[in-house]
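Before any comments, here is the structure.
Remember, it's 1-based here, ligands and their atoms both numbered in the order they're listed. Keep in mind that what you see is a predicted model, and the values were worked out from it rather than measured.
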Amino acid sequence: MADKIGVAILAAGLGKRMGVQVAKPLIPLMGKKLVDYSLKAAVDFSEEQKASLQTGIVVGHQKDEVIKHFEASSFKLSFPVQKEQKGTADALRSYFEGCEWAKDTDYTLVLCADTPLLTDVELSALWNVLKEKNLDAVAASFKTAAPKGYGRIIRASQGFHIVEEKDANDQERSVNEVNSGLYFFKTSMVLENLAKVDSNNKSGEFYLTDVFKDGANVEALCFDSETPFLGVNSPVQLGTALHQLKKRINKDHQARGVLIMEAAHTYIEPDVELEPGVTIFPNCYLHGSTKIAAGSTLEPGCVVKNSSIKENALIKAYSYLEQASVSPSCQVGPYARLRPGTELGEKCKIGNFVEVKKAKLDPSVSVSHLSYVGDAEIGENVNIGCGFITCNYDGEGKHKTIIGKNSFIGSDTQMIAPVTLGESVFVASGSTINQDVPSRGFALSRARQVTKENMAGRFLKGKWAIPKKD
Ligand code: UD1
Ligand code: CA
């Protein structure tokens, strides 16, 4: 029978050292919250090992907000409550008391909610050692030049114990192998030992680290790199975590064939999907669930949030896209803004200083300069001149502009919505359209031009004045 594994994510602490009001598990990091990264590592581990996990997130400080954060989560989660934050051992006791299934598991994985760089790689390494050596527990440790703040690993000929910074003597403090806060236990072992943990230490807390004992069938697995275990306890460490995460994400994309021209100046959030053959120039920010297909290029300074960009699109410099969908071979920008609900068909061209919102543009539509297209449906092959405006809002509701295919809309025109234009319509420059135009219609609405010869002199003053003839 497959092993039953329970996961406890300890997330009840406030994180005083962060110096902010929001509880530490909910601190934002690259479009997610700190606690999301611990959960992701556990989920990836279960996929990798084909193991089925049950997960309990121990909550306390701002528990309602933490629970709410996972409302839409696709994973089945339990939220045991730790009433008072009396230490990590007390947090794990709350997990066993609050999750009715937890005591029936064979193994218990304990993660903290403040180690966002941890991945399934470290979890699998721990798991393999635990299983191969049939240990009762294994803790992940690493060596560091800056051990301050971490619990020290004090090895014995068999087993080991952990001394927290506050309780360590000088000799123990000089040890540079430290506890990462990540553990795998046999559930029976941790239950038995948890019951014995007391709070006789400098902090008056129940330390989970006290379940490890010299002489016991336990091991500390010392990892080569400390990066995956970086704990976020201060704003500076949050900055380091962000830097490392960003670096790792960019490297992964590069290894798969994404051309990132200057990785140090490129920000790509973890859920963004990029196909090999995408090119990204510096200072681009890609957020959320953005997807970009092969052959597309983002010129410098683009911001793309939750958008889809298909093959061979060119997003020119300093464009801002949000919940937009861009079909193959489109050109957007420079300085374009695609707001939520923008759908561009194939080969559309959106030029500089053009804003599009909640609008569906069929293939080969061109809006090349200084325009606003909002709440609109534009048919195939329509050309829109410079300075076009949909007047979509009357102070109460939003109204729609519909333009049929193959129409030609002159420059400096306004569509007072709701208004519908048929196919192959021609609208003359400078027109304000407030009535529907049938297919093949020509529409013009502007005052007739008046020209008076030699009358400019009446109006031209100062340096523009026309010299009088003698
Ligand atoms: C802990 C370890 C330390 C280790 C370090 C690694 C203990 C006693 N110490 O110290 O050996 O080197 O992690 O980063 O375990 N939490 C609760 N309830 C509580 C207290 C904490 O849920 O009552 C949660 C926190 O939200 C956090 C995690 O447990 O996610 C760790 O707590 P934290 O206070 O950050 O422990 P450290 O002092 O870093
Ligand atoms: Ca910590």
Between [X] and [Y], does any side-chain N to carboxylate O distance fall below 4.0 Å?
{"X": "Arg152", "Y": "Glu177", "answer": "no"}
{"X": "Asp224", "Y": "Lys143", "answer": "no"}
{"X": "Asp44", "Y": "Lys40", "answer": "yes"}
{"X": "Lys202", "Y": "Asp167", "answer": "no"}
{"X": "Lys400", "Y": "Glu377", "answer": "yes"}
{"X": "Asp36", "Y": "Lys33", "answer": "no"}
{"X": "Asp198", "Y": "Lys196", "answer": "no"}
{"X": "Asp106", "Y": "Lys186", "answer": "no"}
{"X": "Glu165", "Y": "Lys148", "answer": "no"}

Counting from 1, what ligand 1 atoms have a heavy atom of [X] closer than 4.0 Å?
{"X": "Gly151", "value": "3 (C), 4 (C), 11 (O), 12 (O)"}
{"X": "Gln85", "value": "23 (O)"}
{"X": "Asp114", "value": "35 (O)"}

(request) Looking only at non-hydrogen atoms, find the nearest pair between Leu286 and Leu274 and report the distance. (result) CD1-CD2, 4.0 Å
Among all protein heavy atoms in this structure, tell me which lies nearest to [atom], with the distance rounded to 0.1 Å.
{"atom": "atom 21 (C) of ligand 1", "value": "Thr88 CG2, 3.9 Å"}
{"atom": "atom 38 (O) of ligand 1", "value": "Arg17 NH2, 3.5 Å"}
{"atom": "atom 31 (C) of ligand 1", "value": "Cys112 SG, 3.7 Å"}

(message) Are Phe388 and His369 an aromatic pair, judged by ring center distance below 6.0 Å?
(response)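 So the answer is no for these two rings.
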(message) Protein non-hydrogen atoms only, distance under 4.0 Å: does atom 36 (O) of ligand 1 have such a neighbour?
(response) no
(message) I'd like to know if atom 13 (O) of ligand 1 has any protein heavy atom within a distance of less than 4.0 Å.
(response)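 Given the 4.0 Å cut-off, atom 13 (O) of ligand 1 does not count as touching protein heavy atoms.
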(message) Is it true that His161 and Asp214 share a donor-acceptor pair across their side chains at a distance under 3.5 Å?
(response) yes
Does the side chain of [Y] come within less than 4.5 Å of [X]'s, by heavy atoms?
{"X": "Ser141", "Y": "Asn179", "value": "no"}
{"X": "Asp210", "Y": "Phe212", "value": "no"}
{"X": "Leu191", "Y": "Thr187", "value": "yes"}
{"X": "Glu219", "Y": "Val129", "value": "yes"}

(request) Report yes or no: is the cationic atom of Lys398 (NZ for Lys, CZ for Arg) closer than 6.0 Å to the six-membered ring centre of Tyr393, at no more than 45° off its axis? (result)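 Yes, Lys398 sits over the ring of Tyr393.
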For ligand 1, the portion of [X] having any non-hydrogen atom under 4.0 Å away:
{"X": "Lys86", "answer": "backbone"}
{"X": "Pro25", "answer": "neither"}
{"X": "Ser180", "answer": "backbone"}
{"X": "Gln237", "answer": "neither"}
{"X": "Asn233", "answer": "side chain"}
{"X": "Ala91", "answer": "side chain"}

For ligand 1, find out whether one of its N or O atoms is nearer than 3.5 Å to an N or O atom of [X].
{"X": "Ala12", "result": "yes"}
{"X": "Leu10", "result": "yes"}
{"X": "Asn179", "result": "yes"}
{"X": "Tyr207", "result": "no"}
{"X": "Gly149", "result": "no"}
{"X": "Tyr183", "result": "no"}
{"X": "Ile162", "result": "no"}
{"X": "Val58", "result": "no"}

If hydrogens are left out, which of [options] has an atom nearest to [atom], that is, the closest non-hydrogen atom?
{"atom": "atom 3 (C) of ligand 1", "options": "Lys166, Glu205, Lys24, Glu164", "answer": "Glu164"}
{"atom": "atom 23 (O) of ligand 1", "options": "Gly87, Gly231, Ser94, Gly13", "answer": "Gly87"}
{"atom": "atom 18 (N) of ligand 1", "options": "Glu84, Lys16, Gln82", "answer": "Gln82"}

(message) Can you list everything that forms a side-chain hydrogen bond (donor to acceptor under 3.5 Å, both in side chains) with Ser203? Sequence neighbours excluded, please.
(response) Tyr207
(message) Distances under 3.0 Å only: what protein N/O/S atoms are near the Ca ion (ligand 2), ordered by chain and residue?
(response) Asp114 OD2, Asn233 OD1
